[in-house]
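Below is one structure, written out as structure tokens, with a few remarks after it.
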There are 2 protein chains.
Amino acid sequence: MGVSLKDIAEKLNLSKTTVSWVLSGQGNKKGISAETQNRVFACARELSYEPNLLARSLNTGISKTIGLILPSISDSFYAHIAHQIESEAEKEGYSLMIASSNSEIERENAMIRLFRSKKVDGMIIAPTKISKREISRLVDSHYPVLLFDRYFPEMRVNYVIINNEESSYKLVRHLIDKGFRKIAIITTNPHLLTMDMRREGYANALSDAHIRINPDLYGEVTYVNYQDNIYSTLDRIFHAVPDVDAFFFTTHILAIEALRYFYDRGIDINDGNWGLASMHEDSLFRVLAPRMNIAHFPIEEIGSNAVRILLNQIRQSNDPAAGEYVPESKVLPCRMEFRDQ
Amino acid sequence: MGVSLKDIAEKLNLSKTTVSWVLSGQGNKKGISAETQNRVFACARELSYEPNLLARSLNTGISKTIGLILPSISDSFYAHIAHQIESEAEKEGYSLMIASSNSEIERENAMIRLFRSKKVDGMIIAPTKISKREISRLVDSHYPVLLFDRYFPEMRVNYVIINNEESSYKLVRHLIDKGFRKIAIITTNPHLLTMDMRREGYANALSDAHIRINPDLYGEVTYVNYQDNIYSTLDRIFHAVPDVDAFFFTTHILAIEALRYFYDRGIDINDGNWGLASMHEDSLFRVLAPRMNIAHFPIEEIGSNAVRILLNQIRQSNDPAAGEYVPESKVLPCRMEFRDQ
DNA sequence: CTGAAAGCGCTTACAG
DNA sequence: CTGAAAGCGCTTACAG
């Protein structure tokens, strides 16, 4: 079918070796005559030769491909991350294989195994759930991996996350500074460490301001059916604490649903009497809740750090002289957007 | 490093052939004894053997990977398409390599060459711009390709698009039925066939209703800097036709920017005196312009048809008995959402 | 029932 | 300055 090195070599009465050297740019280094080199280039162009990268990868053990596993590529946050990762990876000559786990742990595990069999040089994973069989196997076999968005503190693995506790603290602290005292927290999935950290930021901000933490102001929405769930959660809070005056949302998804709730219940959240804060943004905020205080996730930094750290490990794992790899981690600050009341 | 067939074969004193047959499920077909098969399976499990798919692909010429090239994976429309394509492809055992062209033709060309060198079995491309050197080369060499979103009518290639002309016609027709007469069209990139078709739908609806097409109601926004551009365009239209009463947007992106314009100019677009229609949706419409008439793009159908058609061609191109391939195309209807006034 | 051998298309010591 | 040869890890005719 395609044109191979052999075809060029035969046509020019050279060896595959010579052709390979010339085409891979090692012509001068290997002392191939300028004339021979030109003949090779001309012939390659004439036959429109394109190297078979599968063969090269099989030989070198380097595929120049990284695997990206996300909960869902259609989610705008992950889609932006993917774009950033793609462009950073491309700068270094790497392509991307992408898979969505759909937050199903067995899918995630299957994708990891598949990517490993396809010999990606490393993987960037936003893990789903607490289970982590295949991720552990990767780490144990020194396969280059980087986790982001969520991570497992006890695992010796690269990760990039945001400063969940600190950003949450700052948001809630700002609400307190603006005079709000009955601040509800709306959160989800307590088994996710990320959410724990955000709740901790909330709790610390309150206790630093000597405000008692009221369990009635704690709203936990299960991930499945959260659209319905948030209605009953908010109803419950309003019933238990009628003078609730502010809301801290641990993710933009919950904030959006709550805004819909307020609209349906005829509560004008923008009349100046309410404090609002959310981790991460949504384009709807600008319109629906211009007073929302926001911790913007640093998409670019997450992507560029993820690629940088992963490629470091890949390079080191290809270097026989390198010693034991020490995992690297990065905690990135959010860009805070505070509203004056 | 990894465990190979050879390791298993040596350990069990079998040939690589036998091990390969057992592991690929051809054990019974090849008449390998049940005992031998069990020993192989047990050993593979014990050594946690994972096949090197690169080697398999090099041998068979089948990589079970398809390449997806989009203008940008961070765009919500393309992200949703990608998700759909991924899940359809996965059903058939295919993985996805993804690349964003960023609407730069040379990037698109480079990605096509790269994917070809990486031996993807086929590519799904949302082409950018009119240039098409590498796409032509693919088609000429019978490489399986499917275009979507945009296409080149003169090329013998698979494609999936929506019924641009018809959906536009219906939207504009609906505005006319609701009594609007001075309907502006806001569009972009006239060299894109897609936009031509949408403009044609607009024009046909007007002329079928015997409404003169007023050039002053034609607003064309260049793609670069369209945010600024749309302001001057709309200002011009309002100046030339002060009693303009409706707007047809050929894409949701333009509609969003226009809504911002209306807001800035203090025009209450939702007071019941305006007709609005847009190709494709945006989550902001629900809030900012509840009266927007919308032609919803059929994301699922685009994705599933794209994969189906591409895989057909891949299968046929792997089948030596197959005759010449005849390209397949699909024009999908939009789901129309009409507002009563 | 099982194996020896060739080949997919590269790269890279080794040799001259 | 250039080449013959081995090998990456598979699959698959061919042979017995």
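The model shown is predicted, which means the values in this text are computed figures rather than measured ones. Numbered from 1 within each chain, the chains take letters A, B, ... in sequence-line order.
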Do the side chains of B:Arg137 and B:Ile112 get nearer than 4.5 Å, heavy atoms only? no

So, is A:Ser57 close to the D:dC8 phosphate, meaning a side-chain N or O under 4.0 Å from OP1 or OP2? no

Determine whether B:Ile62 and B:Asp121 make a side-chain contact, defined as any pair of heavy atoms from C-beta on separated by less than 4.5 Å. yes

Whole angstroms only, please: what is the CD-C1' distance between B:Glu10 and C:dA4? 15 Å

In this structure, how many angstroms lie between the P atom of D:dT12 and the CG atom of B:Asn318, rounded? 12 Å

Can you check whether B:Arg116 reaches B:Arg113 side chain to side chain, under 4.5 Å on heavy atoms? no

Tell me the interatomic distance from B:Leu58, atom CG, to C:dG7, atom P, rounded to whole angstroms. 14 Å

A:Leu70 side chain near A:Phe148 side chain, heavy-atom distance below 4.5 Å: yes

Check: A:Ser103 side chain, A:Thr128 main-chain N or O, donor-acceptor pair, under 3.5 Å: no

Judged by nearest nucleotide, the residue sitting upstream toward the 5' end of DNA chain C, A:Leu53 or B:Thr36, is B:Thr36

Return yes when atom CD of A:Glu154 has more than 12 non-hydrogen atoms of other residues, nucleotides or ligands closer than 6.0 Å, and no otherwise. yes

Quick check on contacts: within residues 38-48 of chain B, what sits under 4.0 Å from DNA chain C by heavy-atom distance? none

Contact class for B:Asn52 vs. all strands (heavy atom < 4.0 Å): base, sugar-phosphate, or nothing? sugar-phosphate

Test side-chain hydrogen bond (donor to acceptor under 3.5 Å, both in side chains) on A:Glu35 and A:Ser33 and set out the steps. CA-CA 5 Å; A:Glu35 195 212 326; A:Ser33 71; 5.3 Å; no

Whole angstrom value for the distance that separates P of C:dT11 from NZ of A:Lys64: 13 Å

For the side chain of A:Ser304 and the backbone of A:Glu300, is there at least one donor-acceptor N/O pair under 3.5 Å apart? yes

Counting heavy atoms not belonging to A:Lys64, are there more than 12 under 6.0 Å from its NZ? yes

Here the residues of residues 11-26 of chain B within 4.0 Å heavy-atom distance, strictly under, of DNA chain D are B:Lys16, B:Thr17, B:Ser20, B:Trp21

Side chains of B:Val160 and B:Leu332: does their closest heavy-atom pair fall under 4.5 Å? yes

For the side chain of A:Thr60, counting heavy atoms from C-beta on, which of D:dC10, C:dT11, C:dG9 is nearest? C:dT11

Which nucleotide in the set D:dC1, D:dC10, C:dT11 lies at the smallest distance from any side-chain heavy atom of A:Ser33? D:dC1

Tell me the interatomic distance from A:Leu5, atom CG, to D:dG3, atom P, rounded to whole angstroms. 13 Å

Rounded distance in Å between the P positions of C:dC1 and D:dA13: 22 Å

For D:dC8, take OP1 and OP2 only and decide whether either is under 4.0 Å from a side-chain N or O of B:Ser4. no

Whole-Å distance between D:dT11 C1' and B:Ile32 CD1? 14 Å

If only atom types and distance count, is the side chain of A:Asn158 paired as donor or acceptor with the main-chain N or O of A:Val145 below 3.5 Å? yes

Any side-chain heavy atom of B:Val139 sitting closer than 4.5 Å to one from B:Ser136? no

Atom-pair distance (CG on A:Asn59; C1' on D:dC8), nearest Å: 6 Å

Tell me the interatomic distance from A:Lys29, atom NZ, to D:dT2, atom C1', rounded to whole angstroms. 16 Å

Secondary-structure stems for DNA chain D, with pairs counted as Watson-Crick or G-U when both distances are under 3.5 Å and runs at least 3 long: C:1-3 with D:14-16, C:5-12 with D:5-12, C:14-16 with D:1-3

